[in-house]
Amino acid sequence: MRGLPAFAASAPTTFKHGAFEVTVVSDGHLVLPVSFLAPGAPAAERAELLKAAGQTAEQYNSPTNLTLIRAGADLILVDMGSGDRFMPTAGRLWDNLKAAGIDKGKITKVIFTHGHPDHLWGAVDELDELALPHAAFYVAGAEWDFWAGDNATRGLPAERAGFVTGARRNYAAIKQRVTMVKPGDDIVTGLRIIATPGHTQGHVALELAGGDGLIVVGDALTHPLISFRHPEWLPAADHVPDVAAQTRARLLDRLANDRSKLIGFHLPYPGIGTVERKDGAYRFVAVA
Ligand SMILES: [Zn+2]
């Protein structure tokens, strides 16, 4: 705990979805270079979208929205935030939960969408102790294998080699308590892992049954304008850019057809919305 106050704007949002109670809580935000956002896109069109998003400086703030799902006797956290070692503006998850009167000790299960720092590094505290020593952890086998394997540094810029060290440190910490999962697996009744590869090799999303559906998309859709209006543009953060673009196209088509809700980890807090078709592409409509 670094003792910083929780942001007033970060009070958790809770809503019912089918048999579930879903809460979105902020882990703070990342400060990222705007150059990350689809660097190869046509310059004029890209500049126009960035202006519309209010991202005209060299850096921008990217929210980090954690999803907590109450399912019967289970309290299930999706990803664990950045922890203490990634960026000073992130790692507020535990403080924000505490401020909202939610006891992290009651969390029974944690599902990871992928192994990037802002999703995984909160697994351990500053002493490398598990933040949730009694929880069960679920990681997609393909994602675990990628970070453990020799190809982990391939395709990553050298300055992000630390991502590999960090992923391995956090995965090692949960090793005794982890279950490998794959797309199609149900974690509890009505909560299913779905394939959304490309942002990372084994990136997964979560589908919650009920109503018109709800998909916790993780980093499959990261920007409120670019990811929806130009899913074919390639963000620098995607490990397998072409596959990530295919995943966005498929996911957007499905979300628009089904009128499902989505929760985006990096969409404007709390990142809850729906997808509408617009001018041959899509539009994110916040509903919180
Ligand atoms: Zn992320």
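Counting starts at 1 for both ligands and their atoms, following the listed order. For clarity, every value in this text was computed on a predicted model and none was experimentally measured.
Looking at Thr179, its side chain never comes within 3.5 Å of a backbone N or O of Tyr138 through a donor-acceptor pair.
Its N, O or S atom nearest to the Zn ion (ligand 1) is what matters here, and for His266 that atom is NE2. Looking only at N/O/S atoms, Asp219 comes nearest to the Zn ion (ligand 1) through OD2. Nearest to the Zn ion (ligand 1), among the N, O or S atoms that Asp118 has, is OD2.
Arg70 pairs by the salt bridge (charged side-chain N to carboxylate O under 4.0 Å, His left out) definition with Glu21, not counting sequence neighbours. Asp186 pairs by the side chain to side chain contact (heavy atoms under 4.5 Å, CB included) definition with Arg192, not counting sequence neighbours.
Of the residues listed (Phe146, Phe163, Phe86, Trp121), the one engaging His116 in a ring pair (Phe, Tyr, Trp, His ring centres under 6.0 Å) is Phe163, and it is the only one.
Other residues, nucleotides and ligands contribute more than 12 heavy atoms inside 6.0 Å of the CZ atom of Arg277.
Residue His114 does not count as close to the Zn ion (ligand 1), with no N, O or S atom under 2.8 Å. When distances to the Zn ion (ligand 1) are checked against a cut-off of 2.8 Å, His119 contributes an N, O or S atom below that limit.
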